[in-house]
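When a residue number appears, it is its place in the shown sequence, counting from 1.
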Amino acid sequence: MGSLPRIFDRDRQQADAFINELLTYICINMGVPGFESPMRKIAMALTYIKGDKVDQWVKRIAEWWDSLNPMIHNVHYTWTLFLVAFQEQFMDHSKQ
């Protein structure tokens, strides 16, 4: 349900909008199988981060994701770590 988030291609001015759209999409689909899993949220988010300028970052996050143990790491904190990594990499830190 709802509109899919736009593709994020490293435009720092669009980073906030991308995260807001992603979080809204996840909220709208709460209760849909898969949307409760923090690890699946990360995997889904990575499908909307595309382009030459972000490929290496996506690859590093995907490798990190692949190293996670779903029995241990499929917790909200893992999702929070992903959001922090995204913010540190792409948010416009000069913006007030």
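- Using a 4.5 Å heavy-atom cutoff, the side chains of R40 and M44 are not in contact.
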Open item on the list: Could you walk me through whether K41 and F35 satisfy the side chain to side chain contact (heavy atoms under 4.5 Å, CB included) test, starting with their C-alpha distance in whole Å, then the side-chain angles of each, then the deciding distance to 0.1 Å, before giving a yes or no?
Closed with: CA-CA 6 Å; K41 286 190 236 183; F35 281 86; 5.7 Å; no
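- Aromatic ring centres of F8 and F90 lie closer together than 6.0 Å.
- Using a 4.5 Å cut-off on side-chain heavy atoms (C-beta onward), K53 and D9 make no contact.
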TODO: Check the pair E21, R6 against side chain to side chain contact (heavy atoms under 4.5 Å, CB included), reporting the backbone distance first and the verdict last.
DONE: CA-CA 8 Å; E21 290 175 16; R6 73 185 89 185; 2.2 Å; yes
- [ ] Determine, step by step, whether M39 and W79 satisfy the side chain to side chain contact (heavy atoms under 4.5 Å, CB included) criterion, reporting the C-alpha distance in whole Å, the side-chain angles of both residues, the deciding distance to 0.1 Å, and the verdict.
- [x] CA-CA 7 Å; M39 288 181 65; W79 172 245; over 6 Å; no
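- Linking ILVMFWY residues whenever their side-chain heavy atoms come closer than 4.5 Å, directly or via other members, leaves I28 and F18 in distinct clusters.
- Counted within 6.0 Å of CH2 on W64, heavy atoms from surrounding residues, nucleotides or ligands total more than 12; the atom is thus considered enclosed.
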- [ ] Under the side chain to side chain contact (heavy atoms under 4.5 Å, CB included) rule, what do K50 and D55 come out as? Steps first, then yes or no, please.
- [x] CA-CA 6 Å; K50 297 180 181 183; D55 283 345; 5.6 Å; no
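- Tracing side-chain contacts under 4.5 Å through hydrophobic residues (I, L, V, M, F, W, Y), one reaches V32 starting from I26; they form part of the same cluster.
- The number of heavy atoms from other shown groups lying within 6.0 Å of CG (D52) does not exceed 12.
- Cluster annotation: I61 is connected to Y77 through the hydrophobic network of ILVMFWY side chains, with a link wherever side-chain heavy atoms come within less than 4.5 Å.
- Residues L22 and L4 share a single hydrophobic cluster, defined by chaining ILVMFWY side chains whose heavy atoms lie under 4.5 Å apart.
- Nearest heavy atoms, T78 versus L68: CG2-CD1, 3.6 Å.
- Checking side-chain atoms of D66 against main-chain N and O of A62 turns up no donor-acceptor pair under 3.5 Å.
- The aromatic rings of W57 and F86 stand perpendicular to each other, their planes meeting at an angle above 60°, with 30° marking the opposite boundary.
- With hydrogens and angles disregarded, a donor-acceptor distance shorter than 3.5 Å links the side chain of R12 to the backbone of Q89.
- Atom CG of L46 and atom CZ of F82 lie 5.0 Å apart (nearest 0.5 Å).
- Taken from OG1 in T47 to CD1 in I49, the straight-line distance is 8.5 Å, to the nearest 0.5 Å.
- When side chains are defined from C-beta on, M30 counts as touching E36, because their heavy atoms get closer than 4.5 Å.
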